[in-house]
Amino acid sequence: MKGIILQTGVALAILGVLVAMSAGLIWLERRLLGLWQDRYGPNRAGRLGLLQVPADMIKIFTKEDWAPPFADKPVFIAAPAVIMVTVLLSFAVIPFAPGVAVADLNIGLLFFLAMSSLSVYSIVLGGWASKNKYSLLGALRASCQMLSYEVFMGLSLMGVVMLAGSFNLRDIVEAQRDLWFCVPQFAGLIIFLVAGFAESRRLPFDLPEAENELVAGFHVEYSGMKFGMFFVGEYLGIILISALITTLFFGGWLGPVLPPVVWFFVKTFAFICWFVLIRASYYRPRYDQLLSFGWKVMLPLALLNLAITGGVVLAAGR
Amino acid sequence: MNTVFYLSGLLAILSTAMVITRSNAVHALLYLILSLLAVAMVFFTVGAPFAAALEVIIYAGAIMVLFVFVIMMIRPDPTASGSNEWMRPAAWLGPGAIAAILLGELVYVLAQGAGQATGLAEIGPKQVGIGLFGPYLLGVELASILLLAGLIGAYHLGRRADPSRGDKS
């Protein structure tokens with residue numbers, strides 16, 4: 001009984017930290033974008049503009065929760081919930097420190113891939129239920145883009161699995177005691193980064209919501225808290241991909257002096273900032289370029305990385 | 001864990017029956033996704049988490065998205081008789097309820113910790129791999145040939161006609 005209470009407490013604490021982090025990211029991203037684009041960003045509400053977060057939250061919670069009369073209401077309401085559920089469930093398998101994880105699953109990495117492939121439904125059904133041509137186009141783009149990039153996202157991680165000999169994220173971190181996997185799996189890291197950007201629909205790959213051609217893409221009809229859930233879902237996606245890069249390639253909680261949890265968050269935070277920096281500095285590719293880049297460059301590269309890693313592991317006789 | 005097993009099995013049968021009896025493609029599709037998720041849950045409870053994860057990744061997460069994609073492209077005509085039916089909330093209550101039960105089961109299983117399989121020992125990714133590339137190697141090779149044939153067929157169908165090489169459009 002005590003174990004269950006402890007476990008529930010850990011799960012609730014992780015949930016709270018994640019939601020707080022994604023709310024804080026609203027402010028952080030806009031400040032960092034301002035810094036890198038030579039402007040101020042939000043700096044009026046409170047010290048350093050920190051009160052912008054509560055202001056935004058009050059706005060988003062009190063806005064009229066409107067659904068267009070022509071929309072497919074039940075799906076329209078369910079779609080934003082799907083992305084929150086799938087992304088939050090993915091965090092269940094991430095080890096934040098030794099013993100601090102919601103579930104110690106032997107197929108942890110596969111569980112993440114399963115949840116990320118289910119999150120496509122949120123975008124697709126949301127865009128489709130809106131009964132709007134822009135959102136339908138956004139949804140079509142999203143389903144095609146996320147399906148294509150999912151293929152080599154999974155393949156890019158198999159090198160890590162081979163080196164660690166396990167799908168369990170805790171074992172993968174433990175296997176990096178001597179050498180972080182970003183060194184032997186550098187190609188895998190690059191491929192996973194690109195796929196991660198595409199999966200979280202961040203700027204170089206934000207074609208599903210490209211605002212200058214599709215207005216806002218799949219969430220054009222959304223407002224109030226339902227839009228807020230897509231918004232928070234995107235930020236949670238960024239945190240998830242950053243946490244995974246930390247866990248899989250940069251030794252997770254491992255590090256000297258500081259406690260493990262601190263190391264985990266420092267590393268994750270660095271990758272979140274990297275996500276924002278890419279948004280501030282990159283352009284959006286054309287849609288056919290996006291798909292041919294995925295299938296003609298990244299997929300062969302991922303397969304090559306897989307074959308070479310497999311050969312090396314076999315030759316080393318591990 | 002036994003309760004979870006029987007409940008998911010029941011949900012799988014129920015949603016599969018709904019797939020067959022629905023006249024509307026969208027209804028059937030949603031129930032099919034749920035049926036696959038329920039089967040994945042069954043796999044998980046009998047100690048095959050690897051098969052469960054692959055079921056969700058490949059069937060529910062990739063193939064079904066393609067089905068949804070096609071249905072989005074052919075957008076049923078709202079004036080046609082019966083095709084408006086799936087817009088009613090009642091049509092979504094069933095899938096919604098089943099999905100909620102499955103989510104509850106998943107949360108329960110995660111909280112319990114994996115590895116408490118019903119009766120059998122847990123089969124991990126390693127045993128699956130040894131099985132596939134040991135006694136069942138021939139089957140794997142045959143499946144790969146089949147997939148290659150499908151890939152070449154799809155490429156041929158999707159190819160643009162090239163008049164300079166005498167192709168007819």
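We name chains A, B, ... by the order of the sequence lines, and we start the count at 1 in each one. Keep in mind the model is a prediction, meaning the values are calculated, not measured.
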CA sep, side-chain torsions, deciding dist, call: A:I94, A:L240, side chain to side chain contact (heavy atoms under 4.5 Å, CB included): CA-CA 9 Å; A:I94 291 187; A:L240 176 66; 3.6 Å; yes

What part of [X] lies closer than 4.5 angstrom to a heavy atom of chain B: side chain, backbone, both or neither?
X	value
A:L147	side chain
A:A11	neither
A:V124	both
A:M115	side chain
A:L113	both

message: Tell me every residue that passes side chain to side chain donor-acceptor pair (under 3.5 Å) with B:Q127, counting only those two or more places apart in sequence or in another chain.
response: none

statement: Contacts of A:Q145 meeting side chain to side chain donor-acceptor pair (under 3.5 Å) (sequence neighbours excluded), chain-then-number -> none

Contacting moiety of B:I33, where chain A heavy atoms sit under 4.5 Å: side chain

statement: Residues of residues 148-157 of chain A with a heavy atom under 4.5 Å from any heavy atom of chain B, in residue-number order, are A:E150

Let me have the donor-acceptor pairs involving side chains of residues 78-91 of chain A, under 3.5 Å, with sequence neighbours excluded, atom names and distances please.
residue, atom, partner, partner atom, Å
A:T86, OG1, A:V82, O, 3.0
A:T86, OG1, A:I83, O, 3.2
A:S90, OG, A:T86, O, 2.9

With heavy-atom distances below 4.5 Å as the criterion, would you say the side chains of [X] and [Y] are in contact?
X	Y	result
A:N305	A:Q185	yes
A:M229	A:K226	no
B:L37	A:L118	yes

- request: Take B:F50 and B:K126, measure what side chain to side chain contact (heavy atoms under 4.5 Å, CB included) needs, and give me the verdict at the end.
  value: CA-CA 9 Å; B:F50 188 66; B:K126 204 168 188 172; over 6 Å; no

Separation between CG of B:L151 and CG of B:L146, rounded to the nearest 0.5 Å: 11.5 Å

